[in-house]
Structure formats: C-alpha cells, structure tokens
Amino acid sequence: MKKTIVGLIGLCIGLITISPAYADNDSSLPKLQMRIVNTIKNQSFALCLSNSCYVMTALPKPVSMDGNNIDSIIMTNTGTMEMYGQNIPDSCKITVKDNQTLTVSGKLVAKEMTVEVEDLQCSVRATEAA
C-alpha cells in the first residue's frame with residue numbers, strides 16, 4: 001500500500017512537471033524518447049522511470065528527463081491509476097548523462113492481471129543539436 005501511494009504521488013508530480021516549456025529549458029539535460037507501441041485500445045498509459053512519469057501520448061519528441069538513474073520501471077494506466085511494475089532489463093540499468101538521449105522501446109500489452117512492455121529495450125545516444 002505504501003509503495004502504491006508513493007508511486008501515485010510520484011506520478012502526479014511527474015505528470016504536472018512535464019510540459020513543452022519544461023522540455024526545452026536546457027538542451028544539455030538528459031532526454032527521454034519513447035518508442036512504445038500501445039496495443040491496449042482506448043486506454044492511456046504513463047511510463048514511470050524511477051521517480052518521474054511521462055504520459056506516452058504526450059511525447060512525440062524527446063523531452064528532458066527528471067533524474068538520470070533508472071532504478072524502476074512502472075507502467076501506469078492514467079485513467080484508473082493502476083500501476084504495473086516490470087523487471088528492468090540490463091539495457092535499462094544505466095545512467096543517462098547530460099547531452100544524451102535515452103530511447104525506451106517495446107510493445108505495451110495486456111497479460112493476465114497485468115500490463116507490461118514486451119521486448120523492453122533501452123538505448124542511449126548523444127543528443128542531437130536542436
């Protein structure tokens with residue numbers, strides 16, 4: 001229960017702080033780009049990396065990350081606020097540095113009693129100049 005409450009607080013803070021203005025404040029900050037295909041119809045999800053959440057439909061281009069160490073990955077249904085933890089693959093156990101972009105990819109699918117990103121992969125590259 002405590003973990004769920006902490007997660008919800010983190011989600012709310014993350015959803016509030018992500019905005020187009022915030023994303024463009026400092027081009028040297030670590031960036032996040034999502035390439036996760038959502039196969040779950042009529043439901044919106046947020047990807048929560050450590051303590052920050054990013055609504056999947058709100059990220060057509062890379063945005064500044066809030067923090068740079070990945071220690072947890074949780075998918076959150078933004079309609080029901082249900083949270084689904086996921087194991088972190090080795091490719092995501094990284095620190096994203098300034099002037100780098102983290103790309104998270106995979107396919108969001110519903111499984112028995114849970115939601116997960118199949119073939120979850122992370123990669124880091126140098127951020128391209130704007």
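Under a 3.5 Å cut-off, the side chain of T76 and the backbone N or O of M83 do not form any donor-acceptor pair.
To the nearest 0.5 angstrom, D98 atom CG is 7.5 Å from N68 atom CG. Interatomic distance, CD1 of I70 versus OG of S91, reported as 10.5 Å (0.5 Å rounding). Between atom CE of residue M75 and atom CD1 of residue I73 there is a gap of 9.5 Å, rounded to the nearest 0.5 Å. Rounding to the nearest 0.5 angstrom, the gap separating the NZ atom in K31 from the NZ atom in K61 is 10.0 Å. Atom CG of L32 sits about 6.0 Å away from atom CG of L49, to the nearest 0.5 Å. Of the inter-residue distances, the one linking I36 atom CD1 with D119 atom CG reads 11.5 Å to the nearest 0.5 angstrom.
Using modelled atom types, one finds a donor on one side chain and an acceptor on the other under 3.5 Å when comparing S50 with D71.
Shown here are the side chain to side chain donor-acceptor pair (under 3.5 Å) partners of N69, two or more places apart in sequence or in another chain: T95. Listed by chain and residue number, Q33, T101, T103, E128 satisfy the side chain to side chain contact (heavy atoms under 4.5 Å, CB included) test with R125 (two or more places apart in sequence, or in another chain). For K111, the side chain to side chain contact (heavy atoms under 4.5 Å, CB included) partners at least two apart in sequence or on another chain are V109, T114, E116, E118. Legend: residues meeting side chain to side chain contact (heavy atoms under 4.5 Å, CB included) with I40, ordered by chain and number and at least two apart, are N38, Q43, F45, L108, A110, V115. In this view, K97 and Q100 satisfy the side chain to side chain contact (heavy atoms under 4.5 Å, CB included) rule, not counting sequence neighbours.
Across every non-hydrogen atom of D66 and Y54, the tightest pair is N-OH, 3.0 Å. Closest approach of K93 and I88 over heavy atoms only: CE-O, 3.2 Å.
Side-chain contact between M65 and L29 is absent, with no heavy-atom pair separated by less than 4.5 Å. K107 places none of its side-chain heavy atoms less than 4.5 Å from the side chain of V117.
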Derivation and outcome, side-chain contact (heavy atoms from CB on, under 4.5 Å), residues V124 and I94: CA-CA 9 Å; V124 176; I94 53 175; 3.2 Å; yes
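Sorted by first and then second residue, the disulfide bond (SG atoms under 2.5 Å apart) pairs with a member in residues 60-118 read C92-C122; sequence neighbours excluded.
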